Amino acid sequence: MTNIITIKKPTDCHIHLRDDAYLKRTVADAAAQFNTIVVMPNLTPPIAAIEDALSYRQRILNAVPATDKLNPLLNLYLHKGTTATLVKDVANTPYILGFKLYPRGATTNSDAGIDDISQFYNIFAAMEKHNVPLMIHAEDNSPTTDIFDRECFFIDKHITKLHKAFPELKITLEHITTKEAVEFINESPANLAATITAHHLWINRNDVINTKIKPHNFCLPIAKRKEHQQALIDAATSGNSKFFLGTDSAPHTQEDKETACGCAGIYTAKNAIELYAEIFDNKGALSQLEGFASINGPHFYNFSPANDTIEITKRQQKIEDKLEFGASIVVPFKSNEQINWSLAS
């Protein structure tokens, strides 16, 4: 029985740090277990210009604890003001990886997102030309689309057409939640990939809405049926290099989560790699964890995996019930519950 594993320090290819007072906590939690992080741009206002992204990156670096190191990579927010010239400039700017596409109104801080993907085909042509990746929140934003069908509908309606029009464009479907998304990536060429969160490996829709509503398990995309959860587990642990770690960890205060109209988002950054390790252990696939967590994402985006390593041990720990974020409280995923793996340190 494996009780301790050593892997290259992981890369989180999809994380939300927020800004200002939140950075002290979110950056410290990320730096404890990740070497590189791909930071999402949906702040208020969104990070849509190169100078804003580099300024944000410096604020992140300023928040890294003295005992740690961290390499933040930024995405720019795709919006109506994005130009082909900006795409070319991004291709030549260190520390900016690509662009994030949010359908307008599909998730947190997506009001500046896009309604009609076809209007951005000139931008996608520039991205394909300059080898700039496109990361997509792949959910249909129509109010008439069933919330459990939004991902499949978006893939059928938009992604297949987009890939056909720009076959060399590097596309990442972020935080996939369905077996259909898994099948689509499996059947696609090497320039299409997907991130998978820890929480979507742990929960299905019964953990969100059952005899009671559990607001701290509500996220977008929402968790689906158990069969979809199992498809995600199978994909993550398969060894297929087109699937890699992206926590989608996002801090929302207890007050905001527990209101009559609670917001979407789950905070896993404090214990992310341990949460993944338990899933891989349960599947008998610990040998695949390093590829999923530390190698596949960097290789897809053409940067080097970490030289540093971390140790994860099969030692039970109890997740904290609440985390302090300045004057606010965030309830982490699996709050006050036991999990079976811990960082060795």
Side-chain angles (χ1 to χ4, degrees), residues 10-66 68-83 85-102 104 106-114 123 127 130 132-137 172 174-175 195 245-253 256 263 265 267-270 272 297-298 301 303 323 325-326 328 330:
T11 292
D12 187 345
C13 288
H14 185 126
I15 192 170
H16 299 269
L17 300 178
R18 305 304 186 219
D19 206 350
D20 301 322
Y22 274 57
L23 288 180
K24 182 178 180 180
R25 175 92 221 193
T26 57
V27 171
D29 286 343
Q33 59 194 298
F34 296 113
N35 175 76
T36 299
I37 55 174
V38 180
V39 185
M40 295 299 111
N42 57 330
L43 303 184
T44 305
I47 303 294
I50 288 175
E51 55 269 26
D52 293 335
L54 296 179
S55 176
Y56 183 35
R57 184 177 190 271
Q58 188 58 54
R59 296 197 298 277
I60 294 168
L61 290 173
N62 292 344
V64 176
D68 289 309
K69 56 184 178 180
L70 186 66
N71 177 34
L73 303 178
L74 281 295
N75 287 330
L76 296 190
Y77 194 112
L78 187 69
H79 70 117
K80 63 182 180 181
T82 304
T83 65
T85 299
L86 178 61
V87 172
K88 182 179 179 180
D89 291 341
V90 163
N92 296 310
T93 303
Y95 310 121
I96 301 181
L97 194 59
F99 287 83
K100 179 67 182 292
L101 188 162
Y102 291 98
R104 187 193 300 272
T107 189
T108 303
N109 296 342
S110 60
D111 292 344
I114 68 178
I123 303 301
M127 295 177 70
H130 296 291
V132 173
L134 176 64
M135 296 77 164
I136 303 179
H137 182 114
T172 306
E174 300 291 350
H175 42 52
T195 60
L245 186 156
T247 62
D248 194 24
S249 179
H252 295 276
T253 66
D256 287 342
C263 58
Y267 193 72
T268 56
K270 180 69 164 60
Y301 292 124
F303 61 86
L323 301 175
F325 276 70
S328 301
V330 169

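Model, not experiment: these values are computed from the prediction.
A donor and an acceptor atom, one from each side chain of D256 and T253, are located under 3.5 Å apart. Defined by atom type and a distance below 3.5 Å, a donor-acceptor pair is missing between the side-chain atoms of N71 and Y95.
Annotation for D12 and G246: closest pair OD1-CA, 3.4 Å, computed over non-hydrogen atoms. The two residues R18 and A250 come nearest to each other via the heavy atoms NH2-CB, 3.7 Å. Of all the heavy atoms in C263 and H252, the pair that sits closest is SG-ND1, 3.4 Å. Nearest heavy atoms, P94 versus L54: O-CD2, 4.0 Å. Nearest heavy atom pair, residue K270 against residue L323, reads CB-CD1, 4.2 Å. Nearest heavy-atom pair, I37 versus A30, reported as atom, atom and distance to 0.1 Å: CG2-CB, 4.3 Å.
By the 4.5 Å heavy-atom criterion applied to side chains, V87 and I123 are counted as neighbours. Side-chain contact between V38 and N75: present, with at least one pair of heavy atoms (C-beta onward) separated by less than 4.5 Å. The shortest distance between side-chain heavy atoms of T247 and H14 does not fall below 4.5 Å. Counting heavy atoms from C-beta on, the side chains of M127 and K88 never come closer than 4.5 Å. Counting only heavy atoms from C-beta outward, the side chains of P41 and F99 never approach each other to under 4.5 Å. Contact annotation: the side chain of L134 approaches that of L101 to within less than 4.5 Å [non-hydrogen atoms, C-beta and beyond]. Taking the side chain as every heavy atom from C-beta outward, L73 and V39 never approach each other to under 4.5 Å. Looking only at side-chain heavy atoms (C-beta outward), N42 and H16 come within less than 4.5 Å of each other.
Ring-plane geometry between Y77 and H79 is classed as perpendicular, the angle between the planes exceeding 60 degrees on a 0 to 90 degree scale with a lower cut at 30. Aromatic ring pairs are classed by plane angle as parallel below 30°, tilted from 30° to 60° and perpendicular above 60°; the pair F325 and Y267 is perpendicular. Relative orientation of the H137 and H175 rings is perpendicular, given thresholds of 30° and 60° on the angle between their planes.
If you take CD on E51 and OG1 on T93, they are separated by 10.0 Å, rounding to the nearest 0.5 Å. The line from CZ of R57 to CG of L17 is 12.0 Å long, rounded to the nearest 0.5 Å. To the nearest 0.5 Å, atoms CG (L76) and CE (M135) are separated by 10.0 Å.
With V90 as the fixed residue, the side chain to side chain contact (heavy atoms under 4.5 Å, CB included) test singles out one of L74, T85, V132, L97: V132.
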Between T195 and T172, does a side chain to side chain contact (heavy atoms under 4.5 Å, CB included) hold up when you go through it step by step?
CA-CA 7 Å; T195 60; T172 306; 4.1 Å; yes

Does the side chain to side chain contact (heavy atoms under 4.5 Å, CB included) test come out yes or no for L245 and F34, once each step is laid out?
CA-CA 11 Å; L245 186 156; F34 296 113; 3.8 Å; yes

Before you tell me yes or no, could you show the steps for I50 and L86 under side chain to side chain contact (heavy atoms under 4.5 Å, CB included), namely the whole-Å CA-CA distance, both residues' side-chain angles and the distance that decides it to 0.1 Å?
CA-CA 8 Å; I50 288 175; L86 178 61; 3.9 Å; yes

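Proximity of a side-chain donor or acceptor of T36 to a complementary backbone N or O of L70 within less than 3.5 Å is not detected. The backbone N or O of L78 sits nowhere less than 3.5 Å from a side-chain atom of T82 that would complete a donor-acceptor pair. For the pair S249 (side chain) and A269 (backbone), a donor-acceptor distance under 3.5 Å is present. At least one donor-acceptor pair closer than 3.5 Å links the side chain of N62 to the backbone N or O of Q58. Side chain of T26 to main chain of Y22: a donor-acceptor pair is present (N/O by atom type, distance under 3.5 Å, no hydrogens or angles).
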